[in-house]
Structures are given as C-alpha cells and as structure tokens.
Amino acid sequence: MRSWRAARFPKSGPLARSCFSFVERHVAALCAGAALSCLIGVLTTFAGEPATASGLSRIALIHAPAAALSLALYGAVTLLLCFCAQVQPPGRATALWRIARAVLPTGTILGLVAVATQFLFDRPATGAWWVWDRELASETVLLVLYFGLIGLHAAIDDRRRLQRAAAAAALAGIPAVLGAYALGGPAALAAPATAAFSASSILVTLGLSLYALTAVVLRVRCLMLEQQREAAFGFAACRSSA
Amino acid sequence: MNGFWQQLLRIDAYSLYACGAYVLTAGLAAAELGLLLARRRMAAGEAGGQESKAAGHKLERAR
C-alpha cells in the first residue's frame, strides 16, 4: 500500500509544506497534547474554585473556548473563500481552497459544542432548555451558516460557481451573526468573569486549537488524496477510451 | 487534597451538565479524528491502487 506521506503538495510553498508535514508526522502527539491540555485545564478549575461556587465556571470552561474558536474559524473560512473567489484563478482547487473546505466540519463541531453548552448553561438558572438570548441566537445562526456552507459544497458541482456562491454566502453570514447578537434578548445568565480569561480557560482553548489544527490538516490530506484518485480515474478512463 | 476530591466529586446540576459537555466534546473530537484517519488510510490505499494499476498497464504495453 502506498504511504500517505508520498502524496505531494501542489502549489504550496516550502513553509506550508513543512508545517503540514510536521503536523502529519505528529498526529498522535498533537492529539495527546490537546487531551492533556484540556484535562489540566479542567482539573485546575475544579481544584481552584471555592466550595461554595455554583459550578457555572465548569460549563463556561468548555463553552467560551468552543464559541470563540467556532467564530474565529468562521472568520478564517470567510477570508479564505473570498480570497479564492476574487484573487486566485477561478475554478482551481488551490491549497487555500482545500483548507477552507477542511475547516468547515471542524467549525461545525465546535459550533455544536458551543450551542449545546449554552443551553446547558442556561438550564439550571431558567428552568427552560432553550432561551432565546443573544448568545444562543448568534451561535445558532453561526451553526446554521456552517451547515449551509457544507450543503453548498455538496450541492454545486461547478467549482467556479461554487467558489463565488460560497464566498458570497460566507460574507453574508457575518452581518447575520452580528445581527442575531444585537437583536437577541439579554443574556439569561452571565458567565463568571473569572472563567473567561483564566489560565485553565487558556489551556482548554489551546487544547481545542490543537485538535482543530490536527483535524484540518488531516482533512486537507484526505481531500488531496481523493483528488489524486479522481485524476487517476480520469486519466485511466481517457487512456482506455483512446 | 481532600478538598480537591470533594470538589471533583461534587454532584449538582451544573457539575452533571459540565460532565456531559466534556464527554460530548471529547466524543465528537475523537470520532472526527478517528474517521479522518480511517478516511486518509482508505484514500491513500485507493490512490496507491490506481497508481499500481496504471503502472501495470504501462508494463503490459512495454511488453
């Protein structure tokens, strides 16, 4: 069987190539680092909180990094898609285009975690599973946008049209998220201020970032290998019909 | 140390929900990474298979 390391990185610079190779060679170490970082963050939060604490910080510990990362990844996807649609040659599957495609499912998973933890966050205080406060509204809109972009990629075959449509949809999503945040109701429950920027929160953010990086690099490699396979199929079909 | 374990094993609504959130996040992340590793292995195998098939055709033509 051919090794996955043998696939080449077309149209990418040496720095990008070495970064990708480094991440691919150390997938296990990066996953272990992500898990360890999250675990240390969780344990230090548990150990550090006073006995009378309500436990809000325990949910905020995973909610805040997941929400921030899903929003940051969406911003990155929008920039990449706009760059691919406007600056790069139209219809080409460049490295940036593959990265934008690879970020979408990871951003969706982080968005799902953010929405799930948001309503878990509100539940004990309000007694309801779903409260339309501004945070939950904007996170839900973000999740719908991620699903929409994934559906768009699955629905349109023509890559040139797809690049334009995806860039327009992603760009239109930014005011939608901001509008949902502005027009949604006031927050049902404020997160503890200490939970947002504590050392344990930073550790969990680091762990989730490592996970996102590993998943994106692995997915880019899968996309490249599948594209090579399709090219080989096309080549074989051309040879057999000639 | 005793206080730490008391805190860790405290059972209230937020702690249970937080535990559920951690399990959900870890499960989703592990499932995604596992599926990606399997997909990469499969894609590499198929790409390799296509290449070896093409090489076989080339060899046949050369003969």
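Values below: all heavy atoms of this structure, side chains included; hydrogens, waters and symmetry mates excluded. Bear in mind the structure is a predicted one, so any value in this text is a computation, not a measurement.
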Work out which heavy atom in [X] is nearest to a heavy atom in [Y]; give both atom names and the distance.
| X | Y | result |
| --- | --- | --- |
| A:L218 | B:R40 | CD2-NH1, 3.3 Å |
| A:V42 | B:Y22 | CG1-CE1, 3.9 Å |
| A:I62 | B:A21 | CG2-CB, 3.9 Å |

Keeping the roles fixed (side chain from A:Y211, backbone from B:L33), state whether a donor-acceptor pair exists under 3.5 Å.
no
Checking [X] against chain B: side chain, backbone, both or neither under 4.5 Å from a heavy atom?
| X | value |
| --- | --- |
| A:L208 | side chain |
| A:A215 | both |
| A:C31 | side chain |

Side chain, backbone, both or neither: which part of B:L24 has an atom under 4.5 Å from a heavy atom of chain A?
side chain
May I ask you to name which of A:V113, A:L112, A:L223 has the most heavy-atom pairs under 4.5 Å with chain B?
A:V113
Could you tell me which residues satisfy ring pair (Phe, Tyr, Trp, His ring centres under 6.0 Å) with A:F22, sequence neighbours excluded, listed by chain and number?
A:H26
With rounding to the nearest 0.5 angstrom, report the CD to CE distance, A:E226 to B:M42.
7.5 Å
Could you state the interatomic distance from CD1 (A:I59) to CG (B:L16), rounded to the nearest 0.5 Å?
9.5 Å
Which pairs count as salt bridge (charged side-chain N to carboxylate O under 4.0 Å, His left out) when at least one residue sits in residues 33-42 of chain A, sequence neighbours excluded?
none
